[in-house]
Amino acid sequence: MEKDNNGNSTTASNDVLIKSTRSIQYNNQKLQYVQDATSLFSGCCCGILQLESLNGFTFFIIQYVSVAILFVIILCKGGKITNYFLNPIQDLIIENLFRELAGFLMTWTFVYALVV
Amino acid sequence: MSFLSKTLVIISILQLIHSGYSTYEFNQVIKQLNLKKTLTISTSASNYNTFASSLPMDIQYEALFALFLFTIGIFFSFETVSYIPLSSKKVVQTAEYLQPIDMNRASILDNLQEIDPYGGINNTPMLTDLLQKRREYREWAKKNGLGDDISDDKDQVVKIVNGTSDSKQFDKALDVATKAVTERDNIKNNSTKTKRGNKK
């Protein structure tokens, strides 16, 4: 809600503010970079620890959710999440889930086979 | 990437490689001693016959510590959004790591730097009004005392057409052009005469 000099709000409550696609792309790029790197590295860890079927997937889910929470805490400081992401839950967790799962699975099986 | 984040990432990769090689060596020893069960789907702890020969704790902690250091290194590699304002040459850092989405907040930095985000398209020569830009430059030059010897485009054209232009290069070019045009006209007229012949 923007206000003019007299304190009256200039945006009505049912106005939709325009979003700049350049900023949305920039933020999603940064998020994807963090998620890619951490998922691949944790796949290597999982292979070294020699975790098996469901244990490995719970490992993935734990690191995925905790990295998302860390991202929000560290990088969105000084503002709300909705300042930076259009649909926070969808962008942070659901958007890149299968992409990171595939990367995790790849490194996990690779390192597991390498180390056994 | 800052120096701190680079060191953290390198250290974590080295830790990972070290722990990976340690597990490989450990597994080789265990296989030779026949202490390992194979071809069973089970938890990793019960892959080994005896508790004493499960994967050692220090290797596990080393791998997890490597993961921890890596994430910290990745998060330290982010820098705040920076820009150079118009009035100075120094880079100014804002307080945010990400760019705000709302257009009224996202265009603050563009306005501070007087950047047109679609400038690559708007400023191509085909889409700019060149005469307008030249007029603006001339007014600005006069204001700042940069010299008055740039004459108006319209006057220049009038001088060339009337043949009273001051510069000699323009006169020479004009002479050459008029000669070429008259020659071409003569050739054209002569060729039409020979083609048609004299009608009687």
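By convention in this document, chain letters (A, B, ...) are assigned in the order of the sequence lines, proteins followed by strands, and residues within each chain are numbered from 1. Side-chain atoms are counted along with the backbone in the values below, which use heavy atoms only and exclude waters and symmetry mates.
Heavy atoms closer than 4.5 Å to chain B are found nowhere in L54(A), neither backbone nor side chain. In this structure, chain A has heavy atoms under 4.5 Å from both the backbone and the side chain of L16(B). Of the two parts of Y33(A), only the side chain, counted from C-beta on, holds a non-hydrogen atom closer than 4.5 Å to a non-hydrogen atom of chain B. In this structure, chain A has heavy atoms under 4.5 Å from both the backbone and the side chain of S12(B).
Look at D102(B) and R105(B) and you find a salt bridge, because one of the NZ, NE, NH1 or NH2 atoms lies within 4.0 Å of a carboxylate O, short of that distance. Classification of D110(B) and R22(A) as a salt-bridged pair holds, one side-chain N sitting under 4.0 Å from a carboxylate O.
Comparing S77(B), A66(B), S22(B), P117(B) by heavy-atom pairs within less than 4.5 Å of chain A, the highest count is held by A66(B). With chain B as the partner, the residue from T21(A), L31(A), I74(A) showing the most heavy-atom pairs under 4.5 Å is I74(A).
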Residues Y21(B), E25(B); criterion side-chain hydrogen bond (donor to acceptor under 3.5 Å, both in side chains); working and verdict:
CA-CA 6 Å; Y21(B) 195 69; E25(B) 293 264 321; 3.1 Å; yes
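Using the six-membered ring where Trp is involved, F57(A) and W108(A) have ring planes that are perpendicular, over 60° apart on the 30 and 60° scheme.
Aromatic rings of Y61(B) and F65(B) (six-membered ring for Trp) have centroids beyond the 6.0 Å cut-off, not under it.
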